[in-house]
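In each ligand, atom 1 is the first atom listed, and ligand 1 is the first ligand listed.
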Amino acid sequence: MPAHHLRYAVNCSILFTDRPLLQRPAAAKAAGFDAVEFWWPFTAAVPPDPDVRAFVDAVNDADVRLIGLNFFAGDMPGGDRGVLSSPAHSAEFRDNVELVAMIGAATGCRSFNALYGNRIPFITRELQDDTAVANLAFAANTVARIGGTVLVEPVSGPFPYLLRTAADVVAVLDRVRTERGAPNLALLADLYHLTVNGDDLSKVLAEHLDRIGHVQIADAPGRHEPGTGDIDIDGHLSRLEQSGYRGWVSLEYVATGPCFDWLPRERRAATKGTSA
Ligand SMILES: O=C(O)C(=O)CO
């Protein structure tokens, strides 16, 4: 049994992948959870209305709460990890932001993850960073209308993703706040990505506690369920709770077997109506 009382949610883009996407919120409910999150669930940045309605209905009909949603992030299976810093994608991203805010209004979701993007050949890093800052400010101002927060995440992996550490992300958040006056942005602390990228988890969680808006977990190496690797996940979550973190902890791992055997059923449900 986990030693902390933080609330869990299931990432339905990486778990329950043996089922069609629209069945996953109900599968999460049947497994005992009542909070879910998704990466952008469509191929297009702005899919047809009936597809969006079907997604919203799948969440609401399953009686689960959508607590996190990624903005459109490009061709993820093809290696893209976000379009925030891509000048060629800015218009598409901003159209997506408007739609995400509508989905937030329809579901109650208030946390939205913006992947920064990979290094793009033949344009300067400065142009990518300036583009990302402008797009983040746009996203933050748009979701502010529904009381939303934009999350930014360090990501690991073989692609040239531009933000690898918590300090990289915090520097961007500071820039958006200072230059654009947008306060509703936060660090998404994914314990797996941070570890793989060489960040010192204890230091990051202590130093940036006040900037953390969301936490995701998977063990490392492997990105599998807690207990399959070397991260002291329970210890870090307990210290986070003791330090005052009250947000969600999302399960974002590739399951090696029965997905949730490590987590007693009575610890899966979160009290609906509480917010983070
Ligand atoms: O692409 C990933 O690994 C992510 O965590 C996206 O949110």
Just which atoms of ligand 1 are under 4.0 Å from any heavy atom in H193?
2 (C), 3 (O), 4 (C), 5 (O)
Could you tell me whether R24 and D18 make a salt bridge, using a distance below 4.0 angstrom between a side-chain N and a carboxylate O?
no
Distance under 4.0 Å to a non-hydrogen atom of N113: what atoms of ligand 1 satisfy this?
7 (O)
Close approach of E37 to ligand 1, heavy atoms, under 4.0 angstrom:
no
Can you pull out the closest protein heavy atom to atom 1 (O) of ligand 1? Residue, atom name and distance to 0.1 Å, please.
R81 NE, 3.3 Å
Anything under 30° is parallel, anything over 60° is perpendicular, the rest tilted; go ahead and classify H89 against F72.
tilted
Students often mix this up, so state it plainly: with edges at 30° and 60°, are the rings of Y253 and W262 parallel, tilted or perpendicular?
perpendicular
Hey, which atoms in ligand 1 end up nearer than 4.0 Å to a heavy atom of E252?
4 (C), 5 (O), 7 (O)
Short N-O contact, R81 and D75, less than 4.0 angstrom
no
Decide, yes or no, whether a salt bridge links R125 with D129 under the criterion of side-chain N to carboxylate O below 4.0 Å.
yes
Taking only heavy atoms of M76, which atoms of ligand 1 are found under 4.0 Å from at least one of them?
1 (O)
Are any of the N/O atoms in Q216 less than 3.5 Å from those in ligand 1?
no
Interfacing atoms of ligand 1 (cut-off 4.0 Å, heavy-atom, N70):
6 (C), 7 (O)
So, are D174 and R211 salt-bridged, with charged N and O less than 4.0 Å apart?
yes
Please report whether ligand 1 has a polar contact with D190, defined as an N or O pair separated by less than 3.5 Å (distance criterion only).
no
Residue, atom and distance of the protein heavy atom nearest atom 6 (C) of ligand 1 read W39 NE1, 3.6 Å
According to a hydrophobic-cluster definition based on side-chain heavy atoms being under 4.5 Å apart (Ile, Leu, Val, Met, Phe, Trp, Tyr only), do F16 and V56 belong together?
yes
Kindly indicate whether a cation-pi arrangement holds for R94 with F138, taking the cut-offs as under 6.0 Å to the six-membered ring centre and within 45° of the axis.
yes
Which protein heavy atom lies closest to atom 3 (O) of ligand 1, and at what distance to 0.1 Å?
R223 NH1, 2.9 Å
